[in-house]
Amino acid sequence: MMGIATSSLHAFHKSNGSSISNSFCRLGLQFASVHSNSFSNDDHRPPSKFQKVTNLEDALNLFDEMTQRRPLPSVVKFTQLLNSVSKMKHFSSSLDLFKQMCAIGVPVSVYSMSIAIRCCCRLYRTKDGFALLGCCFRRAVVPNVFIFSTLLDGLVLEDRILEAERLFKKLIKHKLCETNVVMYNTMIKGLCKFGSNDIAIGLLRLMDERGCKPNIVTYNTIIDSLCKDRMIDDAFKIFKEMVFDKGILPNVITYNSLIYGLCLLGRGDEVSKMLKEMEDEKISPDLQTFNILVDAYCKEGKVDEAEAVIDTMVEKGVSPDIVTYNSLIDGYCLRGEMTKARKLFDSLTSKGLVPDVFTFNCLLNGYCKNLEIEEAMHMFHEIKRKGLKPDIVTYSTMLQGLYRVGRCGDACTLFDEMRAHGQLPNQCTYRIVLDGLCNNHQVEEALSLFRLVDDSKLNSDIAVYTILIDGASKCGKLDTARSLFHELTIKGLQPNVWTYCTMISGLCGEGLLTEAKHLFLKMDESGCPPNDVTYRVLLQGFLKNQHYDDVEMLLQEMDGRSYSLDASTLSLLIDQTAAGSLDRSMLKLIGRLVPKELMGAPS
DNA sequence: TTAGGGTTAG
């Protein structure tokens with residue numbers, strides 16, 4: 001049995017051969033091949049002080065002290081210290097200690113090896129983790145399910161889903177180690193992260209068939225993923241299966257995922273029901289539950305309710321943390337209440353909380369949206385002054401702010417700076433930059449950037465195309481807009497409602513109403529039915545071009561679909577009726593299309 | 001020792 005396993009491992013090792021040996025060299029590790037007899041056998045002694053080590057400095061001092069002792073403390077003691085440093089998330093330091101342990105001849109065990117591998121993985125250096133796996137083979141340390149699960153998790157962390165799947169299948173096929181529920185859960189997490197909820201559910205069924213019972217973590221992983229993907233009904237189906245078929249009781253994590261999913265869809269009534277259910281089940285809401293609620297209220301603009309949630313949590317003895325206040329700051333910013341946002345930000349220190357990059361990003365975004373670009377700039381410099389590192393969101397937010405006030409040159413400099421600081425622009429950054437250029441009459445620059453960046457994700461992003469179509473048509477380059485729209489079809493990309501609206505608006509702007517109407521009719525055929533915005537865009541096009549034939553028909557269709565008018569379209573309709581261009585008999589129909597919030601508002 | 005939940009740009 002062992003022989004087969006070892007040879008299979010060898011085959012596996014071979015397939016990763018070159019990268020392993022390279023990484024191994026980089027790690028520069030030397031291992032003790034034989035157990036040294038210079039270690040004490042102090043396992044029977046009461047726990048020594050290192051088990052109480054709570055900070056890195058103490059741990060490192062203790063390690064130094066331990067290396068001076070003769071005989072050397074036991075292997076177990078060294079490994080326990082290694083574990084506590086890695087538990088403190090000081091992965092680099094933990095790896096350094098591991099290297100030193102090897103250098104002074106502390107024998108490598110499967111346990112210390114798994115800690116070291118975990119550190120590599122958490123540092124996004126899974127490749128080095130595999131290098132250590134290679135060392136296991138050389139040192140006759142038989143890798144176990146802990147080591148393989150950790151490596152699998154590392155691949156998932158780095159979004160290397162295909163390699164993760166390959167490893168997972170190999171482990172099972174060749175029985176390289178015992179598989180357990182944690183390993184299945186890790187693979188399920190990877191599949192969910194990759195957006196393959198169906199395959200993840202398939203694996204849930206498969207593990208059950210193979211006699212590996214799914215547990216609460218398995219179900220929570222899938223429920224959470226479905227909730228995040230707005231598939232709340234499917235999430236509830238799985239939830240019911242877990243509770244009623246498997247008899248697994250939900251915990252606070254399960255409820256938090258479901259509450260998050262409901263909030264995402266604005267289904268507040270059901271959130272209250274879930275909270276009630278938790279109370280009945282004697283499951284107390286925790287910090288994260290409250291944070292989900294605070295954030296949901298803030299996003300809806302209901303800051304007062306969010307503040308009330310914070311009061312409740314404090315009453316219940318749950319202290320708000322930086323995440324809670326980040327959501328609240330964001331809520332204030334969204335309402336343009338920058339003074340309140342700033343005041344809260346300034347009070348964080350007195351609450352014993354340290355602002356993080358999220359905090360700064362929220363404030364930065366608030367200042368940018370309120371066109372207070374100097375304040376935003378100030379915040380941007382504060383980030384570095386506080387010893388934090390601006391991330392991709394910081395740069396993207398700042399770029400958007402600069403474009404919004406027309407400072408294209410500064411935006412360009414910042415765009416270069418971000419790349420120089422190792423922050424690679426993502427799809428969202430590109431959308432912001434292209435949109436910024438287009439809105440500042442630099443469509444040519446936007447188009448050249450788009451053509452220059454040969455990125456498959458960017459070049460197949462429907463939002464990017466829509467931004468460019470909009471930019472091109474707004475600056476009179478309708479032919480460019482048309483050819484971009486045509487390019488979509490060639491690439492097999494499906495225009496969405498926004499794309500159609502943009503193109504229709506562009507055509508209307510040039511008075512090309514027949515072409516606009518043709519495109520409008522094409523939407524239903526293409527499986528992308530027009531929404532209220534599309535109707536408004538086309539109506540405005542007709543009205544502005546004094547083309548009244550189809551207006552009544554469009555209004556009737558809107559009525560049939562229960563769509564409503566917005567203020568500007570309504571105003572155009574009323575003006576043209578007053579001018580006698582539209583028949584007054586249409587007023588009744590128009591009245592039906594006025595939403596409640598516009599009733600009584602001056603037109 | 002390995003696995004699950006909350007915040008920021010669009």
Side-chain angles (χ1 to χ4, degrees), chain A residues 79-80 82-83 86-87 109-118 121 144-154 156 177 179-190 192-193 214-225 227-228 251-261 263 285-296 298-299 320-331 333-334 356-366 368-369 390-401 425-435 461 463-464 466-467 498:
Chain A
T79 312
Q80 282 176 337
L82 187 70
N83 193 35
S86 95
K87 280 272 152 67
S109 68
V110 69
Y111 183 17
S112 62
M113 192 57 110
S114 74
I115 296 170
I117 291 177
R118 181 168 175 270
C121 292
N144 58 10
V145 66
F146 292 101
I147 286 188
F148 282 118
S149 292
T150 305
L151 285 167
L152 190 67
D153 197 46
V156 168
C177 67
T179 46
N180 64 10
V181 65
V182 176
M183 186 167 266
Y184 275 99
N185 288 350
T186 308
M187 193 63 239
I188 286 176
K189 176 177 76 169
C192 288
K193 193 178 172 199
N215 61 12
I216 182 78
V217 178
T218 324
Y219 278 100
N220 280 351
T221 308
I222 292 173
I223 289 171
D224 187 64
S225 177
C227 289
K228 289 213 175 83
N251 61 13
V252 67
I253 297 178
T254 327
Y255 280 107
N256 285 349
S257 294
L258 291 168
I259 290 172
Y260 179 83
C263 287
D286 65 3
L287 177 61
Q288 303 206 24
T289 322
F290 288 114
N291 282 350
I292 293 167
L293 298 175
V294 168
D295 191 59
C298 287
K299 284 212 173 79
D321 68 353
I322 190 69
V323 177
T324 325
Y325 289 114
N326 284 348
S327 291
L328 192 57
I329 288 175
D330 198 45
C333 289
L334 287 176
D356 58 12
V357 177
F358 268 82
T359 326
F360 281 100
N361 288 348
C362 291
L363 263 183
L364 203 66
N365 186 37
C368 287
K369 293 276 149 66
D391 64 9
I392 181 97
V393 179
T394 320
Y395 282 107
S396 303
T397 309
M398 204 59 234
L399 281 169
Q400 194 177 42
N426 61 14
Q427 220 168 331
C428 184
T429 323
Y430 277 115
R431 285 183 197 175
I432 288 169
V433 171
L434 295 175
D435 196 44
D461 181 2
V464 161
T466 310
I467 287 165
W498 180 31

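By convention in this document, chain letters (A, B, ...) are assigned in the order of the sequence lines, proteins followed by strands, and residues within each chain are numbered from 1.
- Side chains of A:Asp295 and A:Ile292 form no contact here, defined as non-hydrogen atoms less than 4.5 Å apart.
- Stacking between A:Phe358 and B:dT7 is shown: the ring centroid lies under 5.5 Å from the centre of the six-membered base ring, and the planes differ by under 30°.
- OP1 or OP2 of B:dG10 has at least one side-chain nitrogen or oxygen of A:Gln400 nearer than 4.0 Å.
- A:Ile117 has its side chain within reach of A:Leu151: a pair of non-hydrogen atoms, C-beta onward, lies under 4.5 Å apart.
- A:Cys362 comes within contact range of the sugar-phosphate backbone alone, with a heavy-atom separation under 4.0 Å but no base atom that close.
- Within 3.5 Å, no donor on the side chain of A:Thr150 pairs with an acceptor on the base of B:dT2, nor the reverse.
- In this structure, A:Asn365 contributes its side chain and A:Cys368 its backbone to no donor-acceptor pair below 3.5 Å.
- Looking at heavy-atom distances under 4.0 Å, A:Thr186 makes contact with sugar-phosphate atoms alone, never a base.
- Side-chain contact between A:Pro285 and A:Val252 is absent, with no heavy atoms from C-beta onward closer than 4.5 Å.
- Contact of A:Ser327 with B:dT7 (side chain to base): no donor-acceptor pair of N or O atoms is detected under 3.5 Å.
- Side chains of A:Pro320 and A:Tyr325 form a contact here, defined as non-hydrogen atoms less than 4.5 Å apart.
- Between the side chain of A:Ser396 and the base of B:dA9 there is at least one donor-acceptor pair of N/O atoms closer than 3.5 Å.
- Judged by distance alone, with hydrogens and angles left aside, A:Asn180 brings no side-chain donor or acceptor close enough to the base of B:dA3 to form a pair under 3.5 Å.
- At a threshold of 4.0 angstrom between heavy atoms, the contacts of A:Ile115 with the nucleic acid are absent.
- If you check every strand for non-hydrogen atoms under 4.0 Å, A:Asp286 touches a base.
- A:Lys299 comes within contact range of the sugar-phosphate backbone alone, with a heavy-atom separation under 4.0 Å but no base atom that close.
- Residue A:Val252 is classed as a base contact, given a heavy-atom separation below 4.0 Å to a base.
- In this structure, A:Ile216 reaches the bases: a heavy-atom distance under 4.0 Å links it to at least one base atom across the strands shown.
- Across all strands shown, A:Asn83 has no heavy atoms under 4.0 Å from either base or sugar-phosphate atoms.
- You'll find that the side chain of A:Phe146 is closest to B:dT1, out of B:dT1, B:dG5, B:dT8.
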